[in-house]
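To keep things clear, I will list the structure first and then write my remarks on it.
Below, chain A is the first sequence line, B the second, and so on; all start at residue 1.
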2 protein chains.
Amino acid sequence: MEGNARKVPLNRNRREQRSEESRARILAAATTIFAEKGPDGARVDEIAKASGINKRMIYAYFGNKEELYAEVLRSNYNKIYALSTKAVDLKRTPKENVTRAVRAYFYFLAENEAFVRLSSWEALNGGRFSRKVLPSFVDLLVLAFDDIVKDGIQRKFIRPNIDIRQVLFSIQALCLTYFNRRELMQPLWQEDLLSGEMLEARLQHILDLITDGIFYHGEAVE
Amino acid sequence: MEGNARKVPLNRNRREQRSEESRARILAAATTIFAEKGPDGARVDEIAKASGINKRMIYAYFGNKEELYAEVLRSNYNKIYALSTKAVDLKRTPKENVTRAVRAYFYFLAENEAFVRLSSWEALNGGRFSRKVLPSFVDLLVLAFDDIVKDGIQRKFIRPNIDIRQVLFSIQALCLTYFNRRELMQPLWQEDLLSGEMLEARLQHILDLITDGIFYHGEAVE
DNA sequence: CTTTAAAGTAACTAATTAGTTACTTTACTC
DNA sequence: GAGTAAAGTAACTAATTAGTTACTTTAAAG
């Protein structure tokens, strides 16, 4: 069947292409709206309107609202999968590795507000959906970091009594909350919290806190 | 009028008492349910049922769903008002003061899950309601802390280049996120994150991070 | 004991919204 | 270019839910 050249369209099936494009547009609109309003506040009709595609097709492509939401989560968690595999530690100093990992995470959040918000809705919903969607993505984050920290401890740069999980929790907290609670904290500042300078200032503060917290002060011991 | 003893009931108006009690029961149920489901997910009928009081009375006492929600927020923010005024710094060392303030905040959150969740819903809703409700409660928190830190800087215990707002943000982040993201992070631990030992362990980790981050290492300088 | 006003109830209304159905358009296949 | 299967549309349905109305019960006051 595949051998028959006449049956294979030169440029891949225009209809198929169109439908893939539609699916993608629905997913993009859904990401924006679910991130903005949360799974409860988001309206299927609004997503249809924003994507410019009829509601009927949302059900054709994704089944129902909940599955669409799950798909949005999946595609967004994939982004951090990609990040955590990329940020793998080379043979730099532990401090450099930690700095690089935190910086990567911080700027990932800065550039992916949808991710920040989606994961926050999830946290409030007890991870109801996340559990179905992701094969324990927290573990991945830990694994990536675990290596850095264990290396650091062996090379006597990092205090051995440190609990990696606590440190991870803290890094997550320090980075996420900046974007998470931005609007509630904005009154304290004059500047836009998302300007380049403010972002760098925040990241620098976080790095100071983290490294001074987990590293011996002064040079490596022994 | 008040002089006529016969007209003044001995035990204060039983009806009035009953209605105050009803109002309180509605507010308590609303707090639980708004905290659990958020302003969008919460159902007025559910609140009525949980409080054991007819829906009609919710509208009689509070006007509508939104005003009830605002009232829930108000009563919960009041708790932290009370906290921030109580935790005022005496003439202890700056490090002791910071430690005490952070500990008070941390255990306040541990004991008030409703507060944690309500403020998280608010953060995701851009503080829509908070702005109406609270006369900038963040400011209060800052003021309480500002004194401690300025004292610390003057007495050369705290680095002068520290940005108090960043530190406040970080303390909030480190404490809140523990309760906030508890369910998503739970997979990393075997123990219950809310047990007495785990709470103390987390608080200790936070204190290490904060104090090592903002204090000179070693003794006070000059 | 009767009047009265507020507390409380149950059943209703109007609006919203997830999901469906019956129909039309488009473009691939022969 | 005729047949067909999928993409797409618009109008509908059923369920939910915020808010209301017309009515009953309770207890304070003369």
Contact summary for [X] and [Y], nearest pair of heavy atoms:
| X | Y | result |
| --- | --- | --- |
| Gln186(A) | Leu193(A) | OE1-CG, 3.7 Å |
| Val116(B) | Arg181(A) | O-NH2, 4.1 Å |
| Gln166(B) | Ala201(A) | NE2-C, 4.2 Å |
| Lys65(B) | Pro39(B) | NZ-O, 3.2 Å |

Length of the line joining [X]:[atom1] and [N]:[atom2], which is rounded to integer Å:
| X | N | atom1 | atom2 | value |
| --- | --- | --- | --- | --- |
| Ile33(A) | dT17(C) | CD1 | C1' | 14 Å |
| Arg23(A) | dA6(D) | CZ | P | 17 Å |
| Asp40(A) | dA18(D) | CG | P | 12 Å |
| Ile47(B) | dG19(D) | CD1 | P | 11 Å |
| Glu20(B) | dA7(C) | CD | P | 11 Å |
| Arg43(A) | dT16(D) | CZ | C1' | 11 Å |
| Ile58(B) | dT9(C) | CD1 | P | 11 Å |
| Asn54(A) | dT9(D) | CG | C1' | 5 Å |

**OP:** Spell out yes or no: do the side chain of Lys65(B) and the base of dG19(D) have one donor N/O and one acceptor N/O closer than 3.5 Å?
**Re:** no
Counting only side-chain heavy atoms from C-beta out, which of [options] sits nearest to [X]?
| X | options | result |
| --- | --- | --- |
| Asp45(B) | dA18(D), dA18(C), dT21(D) | dA18(D) |
| Val44(A) | dG8(D), dT20(D), dA18(C) | dA18(C) |
| Met57(A) | dA18(D), dT20(C), dA7(D) | dA7(D) |

Original post:
Looking across every strand, which nucleic acid part, if any, lies under 4.0 Å from Ala48(A) by heavy atom: base, sugar-phosphate, or nothing?
Top reply: nothing
Original post:
With a 4.0 Å cut-off on heavy atoms, is Tyr61(A) in touch with a base, just the backbone sugar-phosphate, or nothing at all?
Top reply: sugar-phosphate
Subject >> Ser22(A) side-chain N/O to dG8(D) phosphate OP1/OP2 under 4.0 Å >> reply: yes
**OP:** Ignoring backbone atoms, establish whether Arg56(B) has a side-chain N or O less than 4.0 Å from OP1 or OP2 of dT21(D).
**Re:** no
Original post:
Among all residues two or more places apart in sequence or in another chain, which pass the ring pair (Phe, Tyr, Trp, His ring centres under 6.0 Å) test with Phe169(B)?
Top reply: Tyr178(A), Trp189(A)
Original post:
Quick one: does Glu122(A)'s side chain get under 4.5 Å of Tyr77(A)'s, heavy atoms only?
Top reply: yes
Enumerate the protein-to-nucleotides 13-15 of chain D contacts in which both atoms are nitrogen or oxygen and the separation is below 3.5 Å.
none

**OP:** Scan Phe108(A), Phe34(A), Phe179(A) and name whichever one has a ring pair (Phe, Tyr, Trp, His ring centres under 6.0 Å) with Phe115(A).
**Re:** Phe108(A)
